[in-house]
There are 2 protein chains.
Amino acid sequence: MDAKGTREHIVRAADELFYKQGFEHTSFADVAGAVGISRGNFYYHFKTKDDILAAVIAARIAERRRMLDQWEAEQDTPAGRIRRYINIVIANETDIEDYGCPVGTLTTELAKLGHGCMDSATAIFTLFRSWLGEQFTALGRADDADDLAMHVLAASQGIAVMSQAYHDREFTRREAAQLCAWVDAQAAKEE
Amino acid sequence: MDAKGTREHIVRAADELFYKQGFEHTSFADVAGAVGISRGNFYYHFKTKDDILAAVIAARIAERRRMLDQWEAEQDTPAGRIRRYINIVIANETDIEDYGCPVGTLTTELAKLGHGCMDSATAIFTLFRSWLGEQFTALGRADDADDLAMHVLAASQGIAVMSQAYHDREFTRREAAQLCAWVDAQAAKEE
DNA sequence: GTCTATATACCGATAGAC
DNA sequence: GTCTATCGGTATATAGAC
């Protein structure tokens, strides 16, 4: 296989394992096994484990950006787009119950490790934060758009944490519905 | 020193290190260094690392129970007690910015590790959940007391995650104040 | 570009002297 | 009850054959 293909394969496998097992708990042997290459071959593509993490974070940012573009095309209204974001916790219910939010759990882990990639991980949050802010601005809430965006982010993270702790789908759906209703109430304040 | 004293010293040091560095990232050498004993001496008091974790979780539960009792004595009204809980995110601002919520980050880590102590860690959440439920019941909301308790837990966890990501104290205070106002609004529905 | 073999370090855990 | 010394396993990372 060509270098680019193998590299991408490594990033994809590492992405999933970092999410499901955590960054530190995932060894090169784990990733190599998932990709189907030897441990030694690893270092042709990445010098260190931190380099793989950086590549994974970059890939996540690119993927989320594509996702946001798609949502913007699919949903006609700002409120609909925000609700689409909130519904991640239901669409990815099973994964979130088992492994939490990919963004939240990564920042939490990297913060404790004092890892240099912490800021890059936070940038994934910022991507959503800015996008949500734009939607609230379009909703006529330019003055406190960022505050409202942060509120949605925080509420979603809270749902993800409790979902992981209790595996209670009724809770998840109830909270998501409440948050969506809150969004619509914010839209009503527009006039 | 006597066995009990050393054991307690170990649990206290492990508690702090597990919180600040994470469970897996903390080695016996780290804890031994913090306590001031040799690595070998460890195994006189605990057979395995998992045993230390179990002891740390048990200690956290006992400590939180004492804390809830104290809040119940200090605060006269159910709403005041719930607000006291919410204000943890402000009282422990600095630690939460750096290391997140001790309960939320532990359950998140143990879930990813597939660790057997996951249920014990969730029990710390349940302690707060039940207590908050009692307060909402006293507030005249017996029918959905547990739902409301879960909402407060989720909101607090969300604040903690975003606080760790952005270190934004204005955000933390704003969200805490909003949640407190929400509690008071729930109380108003009592009649 | 991928492999095997290996260097080096640290991990959790054990054995035995004191 | 605490220590030193050490075992076996695994981690990241490297060297060199193919």
Side-chain angles (χ1 to χ4, degrees), chain A residues 1-57 106 109-110 112-118 120-121, chain B residues 1-59 106 109-110 112-118 120-121:
Chain A
M1 200 188 288
D2 62 332
K4 201 185 160 194
T6 305
R7 194 193 145 94
E8 276 176 17
H9 202 163
I10 289 172
V11 172
R12 220 173 322 145
D15 190 348
E16 186 180 341
L17 286 168
F18 288 174
Y19 173 43
K20 296 191 173 176
Q21 304 186 339
F23 168 68
E24 193 173 33
H25 190 59
T26 301
S27 69
F28 277 28
D30 291 333
V31 184
V35 177
I37 61 172
S38 70
R39 267 161 296 157
N41 188 10
F42 240 104
Y43 294 85
Y44 175 79
H45 303 279
F46 295 96
K47 280 193 176 69
T48 66
K49 195 182 178 184
D50 292 345
D51 288 344
I52 302 180
L53 177 60
V56 166
I57 292 175
L106 183 64
E109 183 180 3
L110 296 184
K112 294 222 184 201
L113 298 181
H115 198 287
C117 283
M118 171 68 180
S120 316
Chain B
M1 202 187 289
D2 62 331
K4 201 184 161 195
T6 305
R7 193 191 146 96
E8 276 176 17
H9 202 165
I10 290 173
V11 172
R12 222 173 321 147
D15 191 347
E16 186 180 341
L17 286 168
F18 288 173
Y19 173 44
K20 297 192 173 176
Q21 304 187 340
F23 168 68
E24 194 172 33
H25 190 60
T26 301
S27 69
F28 277 29
D30 291 334
V31 184
V35 177
I37 61 171
S38 70
R39 266 160 298 159
N41 187 11
F42 240 104
Y43 295 85
Y44 176 80
H45 302 280
F46 295 96
K47 279 194 177 67
T48 67
K49 195 183 179 183
D50 292 346
D51 288 344
I52 302 179
L53 177 60
V56 165
I57 292 175
L106 182 65
E109 182 180 4
L110 296 184
K112 296 222 185 201
L113 298 180
H115 198 287
C117 284
M118 172 67 180
S120 315

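Just so it is clear, the model here is predicted, and its values are computed rather than measured. Chain letters run A, B, ... following the sequence lines, proteins first and then strands; every chain starts at 1.
- Classification of Lys20(B) and Glu16(B) as a salt-bridged pair holds, one side-chain N sitting under 4.0 Å from a carboxylate O.
- Between the side chain of Glu109(B) and the backbone N or O of Glu24(B) there is at least one donor-acceptor pair closer than 3.5 Å.
- Put simply, the side chain of Asp50(A) reaches to within 4.5 Å of the side chain of His115(A), judged on heavy atoms.
- Residues passing the side chain to side chain donor-acceptor pair (under 3.5 Å) test with Glu8(A), sequence neighbours excluded: none.
- In this structure, the CZ atom of Arg39(A) is 11 Å from the P atom of dA5(C), given to the nearest Å.
- The shortest side-chain heavy-atom distance between Phe42(A) and Ile52(A) falls under the 4.5 Å cut-off.
- Distances shorter than 4.0 Å separate some side-chain N or O of Tyr44(A) from OP1 or OP2 on dG1(C).
- As rounded to whole Å, 12 Å separates atom P of dC11(C) from atom CZ of Phe42(B).
- Between the side chain of Lys112(A) and the main chain of Tyr19(B), a donor-acceptor pair closer than 3.5 Å is present.
- In this structure, the NZ atom of Lys4(A) is 17 Å from the C1' atom of dG1(C), given to the nearest Å.
- With sequence neighbours excluded, the residues satisfying side-chain contact (heavy atoms from CB on, under 4.5 Å) with Ala29(B) are Ser27(B), Arg39(B).
- Residues of residues 21-29 of chain A that place a heavy atom closer than 4.0 Å to DNA chain D, in numerical order, are Thr26(A), Ser27(A), Phe28(A).
- Between Leu110(A) and Leu53(A) the shortest side-chain heavy-atom distance falls below 4.5 Å.
- For the pair Leu17(A) CG and dA11(D) C1', the computed distance is 16 Å after rounding to whole Å.
- At whole-Å resolution of the value, OH in Tyr43(A) and C1' in dA13(D) are 4 Å apart.
- With Phe23(B) as the aromatic partner, Lys49(B) meets the cation-pi criteria of under 6.0 angstrom to the ring centre and within 45 degrees of the ring axis.
- In this structure, Phe18(B) has its ring center no closer than 6.0 Å to that of His25(B).
- Checking the phosphate oxygens (OP1, OP2) of dG1(C), no side-chain nitrogen or oxygen of Asn41(A) falls inside 4.0 Å.
- Within the structure, every side-chain polar atom (N or O) of Thr6(A) is placed at least 4.0 Å from both OP1 and OP2 of dG1(C).
- By the side chain to side chain donor-acceptor pair (under 3.5 Å) test, His45(B) pairs with no residue at all, sequence neighbours left out.
- Using a 4.0 Å cutoff on non-hydrogen atoms, the parts of residues 46-57 of chain B near DNA chain C are Thr48(B), Lys49(B), ordered by number.
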Where do N or O atoms of nucleotides 16-18 of chain D meet protein N or O atoms at under 3.5 Å, pair by pair?
none

